[in-house]
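First up is the structure itself, then whatever we jot down about it.
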Amino acid sequence: MGTEKRKPFLEVLIRQRYLFLMSFPFLAWLFVFSYVPIWGWTMAFQSFRPGKAFGEQKWVGFDNFIALFADERFYMVLRNTLGMSLLALLVGYTVPIIFALILNEVRHQLFKRSIQTITYLPHFVSWVIVAGLVSKMLSIEGIINEILMSLHIVNEPVQFMQKERWFWGIVTASDMWKETGWNSIIFLAAIIGIDPELHEAATVDGAGRFRRMWHITLPGIRPTIMVMLILSIGWLTSIGFEKQFLLGNPIVNDYAEVLDLYVLNYGIKVGRYSYGTAIGIFNSLVSIILLVISNAIFKRTTKESVI
Amino acid sequence: MKAKKFKAVPLAILALIIVLIAASCSKSASQDPGKGTPSSSPSGTQSATASADDKTPITLTMFGADPNPNWENMESPVGKKITEITGVKLQMEYAIGDQKQKISLMAASGEYPDLIFAHGNENILVDAGAYLDLTDLIEKYGPNIKKLYGDYLSRLRWNGQDKSIYYLGSFGVNDKQWKPATGFELQHAVVKDLGYPKLKTLQDFENAIKTYKDKHPTIDGQPTIGLSLLADDWRYKITVTNPAVFSTGGPDDGEWWVDPETHKAKFHYTRPEEKEYFKWLNHMNAVGLLDKESFVQKYDQYNAKISSGRVIALADANWEYVDAERALRQAGKDDRMYGMYPITLREDIKYADFQSAGYSAGWGVGISKTAKDPVRAIKFLDWLASDEAQILNYWGIEGVHYKIENGKRVIPPEEMAKRVSDPEYGKKTGIGVFTYPFPQQGIGVLDPSGQTYTTDSLEQIKANYTAAEKDVLSHYGVEMWKDLYPPTESFPVKPWGAAWQINIPQNTDAAVIAQKCEDIVKKKVPQMILAKPGEFDRIWDEFMADLDKAGVHKMEDEFSKLLADKIKLWNE
């Protein structure tokens, strides 16, 4: 960039006018959908009433944030959100890598492709249906209980959906079933990009399968792994609420309610749009901080980063 | 050459982008005036010249907060007839999932359809100024509306400060109650098997369930289920917590109990009597008579269970299990259908299902301020309130769904059979689709020819009973289910209407407290019912303490004020 012959901006603009023109729509899109809405953050400092002009709104300073941090329930839902998303990160991240590694070792092409297709298909199934399947399977007369009973592991049916502390596990497991295949696609793609000569050389040197996996495949996809990890850390607080909402019930609610649901119940549903916005801001700030910190750590330790 | 070729590609892409953008812009631009014209020019001038029967085709958009499973896109015979008479085609959009969220979002966006049915969330829209005041429109274009509501028209006014009419109340006006709405249900097979035992108190109810379940541990090869409850989302209020009020003598005021003397409202759980009811549920669970999946199952699972015929007892509102019961009827399992009994905690308590609330216009269909043609909209609603429309909507089309014999409307037996046993009847014919939530004549109200507007008549209800039902009733020495209940005349009319129709204003402390209390109830009630009996009292105390801490009394005070306002407004 900073070479001796620094051309004036205008000249660059004219010379690369088509490139600039081509990128313009995307910049405009980004601006309209990602930057303009930040204006809505002003709502968090008002007591917003719908249907009134901006000038007529009452300004309340940090009241909404104070109310938020004073609410016990907020900490409960924050715990659930972080708990479930960390579990999702742990499982939904390591399992696809392992799966991709193993699948890559399969020699039979047809078998490999069928497995890959079968495992990513659940990704396209709606959570409504997955939740229905899971709760039917885990009900008293469900298949899981029937298997457990016939194997004499338990004497009477287990009420899976009534165990508060199992809820995170159930959500994570169903998430794993749904997303493992899909998430492994990117790793499989990265593995294919590794130069086969490396493998050949290693084989000549007498390296076995696991050695090659460890010394060639894994280091080969390390950049992908790192970038994916940093990005998922940025998403930690925004895990959505579909699965928790659909799988939850009143008994496990203390472990099922997540931030997004809290925003709906205590923000939008009771007409406190400002309060909901305050939570949104908090959410975004936490995400940015997590992203920046993890990025810095990875930059320092592994020289890989996204920013 | 090469350079030119290279340029051509980005240019082509750029041109494509511009075309696409232009296309999307022009599309929305051309749509808007299309939407706008009917309001501005043709009908605007026509309505000014007061042409009462403007039948030019018009599409009115409508939002329905409460999805109508029978909605038929106005393609049914009745729906087509309505379009033919009025020229109006309704384009419905229903809320999926939480209604309140959808309506809140609508209010936040400020974009409304022509007609809005907010199903109890009117306050959000009134706050946002979404409704048109209908007072003048009714005065000018609403003769049928005025006739249908009569003196109750003043009850449609919003509140003491704002006396506008924002919507036309749902539910039959001057309804006579002929069928119990709530109660404790037992399969006919159970009472028959036990020789028609006395069914007055919870103890009697429990004994019946227990004896039958012990005697018949399986039904059709599957384990018998005693009492099944449903706690799916908001439905916990219907089968889990409402019966606590009913069995202790309270009328249906939703989450409230109103002192008949002082008119002070109480969050109903705080009444000491109700502890007894929940304790009984706890006991039912401990002895294995409560369905273990009561708090986990979803509505479809609940319906499927009932339809299988192995749930012997319910504590539900009729409308919630009626579809499942219809499936039983279709399958010919008449014995597995349910009788409704006014069970109470003690024998001296009167089950108040039949207490009259007068007419309370809790919710209904309103016209939005952005409606493209408010005059056509109000005329459409007025037509729906007319005798012609009421008869069409309740009875169907003459010669097809009913016929006239000796000047009386009669439904032929084969049509009647379809009506009662075909769950899709409403969808196929359109009958009943345009009644609720639109203006409705009440059950038992007579038209100018002296016949009821509704198809319900005491005889018709009786004629609908199955043989098993008639048999059970005769053994209890009555003709109808309502005869088992304390009659309407034995209660005073509630001067506040139905308290569940009063909304706490949005964005207030009371609204937040209400949400908190709801969360506490949702958590603590299942917990106390599923707890070991020894722990019940401790959890109940925690429950009360939690409610206290959340500010339940402050909310009660606020609500009592709203109630007082309403009583004052109605009695002006």
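Using a cut-off of 4.0 Å between Lys/Arg side-chain N and Asp/Glu carboxylate O, A/Glu72 and B/Lys549 are scored as salt-bridged.
For the side chain to side chain contact (heavy atoms under 4.5 Å, CB included) criterion with B/Lys523, the lone passing option out of A/Ile251, A/Asp254, A/Val252 is A/Asp254.
Comparing A/Arg272, A/Lys269, A/Lys136, A/Met161 by heavy-atom pairs within less than 4.5 Å of chain B, the highest count is held by A/Lys269. Counting heavy-atom pairs closer than 4.5 Å to chain B, the top-ranked of the candidates A/Leu19, A/Val270, A/Asn249 is A/Val270. Interface check for chain A: of the options B/Lys298, B/Lys524, B/Gln527, the most heavy-atom pairs under 4.5 Å are formed by B/Lys298.
Neither the backbone nor the side chain of B/Gln297 comes within less than 4.5 Å of any heavy atom in chain A. For B/Gln101, the parts sitting under 4.5 Å from any heavy atom of chain A are the backbone and the side chain alike. Contacts of A/Leu246 with chain B are made by backbone atoms alone, with heavy-atom separations under 4.5 Å and no side-chain atom involved. Neither the backbone nor the side chain of A/Ser274 comes within less than 4.5 Å of any heavy atom in chain B. Looking at B/Asp232, there are no atoms closer than 4.5 Å to chain A (heavy atoms on both sides), in backbone or side chain. Within the 4.5 angstrom heavy-atom criterion, no atom of B/Ile103 approaches chain A.
Taking a 6.0 Å sphere around OH of A/Tyr35, one finds it holds 12 or fewer heavy atoms contributed by other residues, nucleotides or ligands. Within a 6.0 Å sphere centred on CG of A/Asn155, heavy atoms belonging to other residues, nucleotides or ligands number 12 at most. Enclosure of atom CH2 in A/Trp29 is not indicated, since only 12 or fewer non-hydrogen atoms of other residues, nucleotides or ligands lie within 6.0 angstrom. The environment of B/Tyr112 atom OH is dense: over 12 non-hydrogen atoms of other residues, nucleotides or ligands sit within 6.0 angstrom. In this structure, A/Phe31 places its CZ atom where only 12 or fewer heavy-atom neighbours from other residues, nucleotides or ligands lie under 6.0 Å away. Counting non-hydrogen atoms of neighbouring residues, nucleotides and ligands closer than 6.0 angstrom, the CZ atom of A/Phe24 reaches no more than 12 such neighbours. Around atom CG of A/Leu10, no more than 12 heavy atoms belonging to other residues, nucleotides or ligands sit under 6.0 Å away. Residue A/Arg15 qualifies as open at atom CZ: its count of foreign heavy atoms under 6.0 Å is 12 or below.
Counting only distance, with no hydrogens or angles, the side chain of A/Gln162 and the backbone of B/Val296 share no donor-acceptor pair below 3.5 Å. Although no hydrogens or angles enter the test, the distance criterion places no donor-acceptor pair under 3.5 Å between the side chain of B/Glu293 and the main chain of A/Ser139.
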Listing, residues 508-519 of chain B side-chain donor-acceptor contacts under 3.5 Å, not counting sequence neighbours, or none:
| from | atom 1 | to | atom 2 | distance (Å) |
| --- | --- | --- | --- | --- |
| B/Thr508 | OG1 | B/Pro505 | O | 2.8 |
| B/Thr508 | OG1 | B/Ala511 | N | 3.2 |
| B/Asp509 | OD2 | B/Lys554 | NZ | 3.0 |
| B/Asp519 | OD2 | A/Tyr266 | OH | 2.6 |

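Distance check, rounded to the nearest 0.5 Å: CD1 of A/Ile268 to CD1 of B/Ile124 gives 10.5 Å. Rounding to the nearest 0.5 Å places OH of A/Tyr275 at 12.0 Å from CG of B/Asn507.
Legend: residues meeting side chain to side chain contact (heavy atoms under 4.5 Å, CB included) with A/Glu141, ordered by chain and number and at least two apart, are B/Pro223, B/Arg310.
When every heavy atom of B/Ala231 is checked against every heavy atom of A/Pro250, the shortest pair comes out as O-CG, 3.6 Å. The nearest pair of heavy atoms linking A/Tyr273 to B/Ser104 is OH-O, 2.9 Å.
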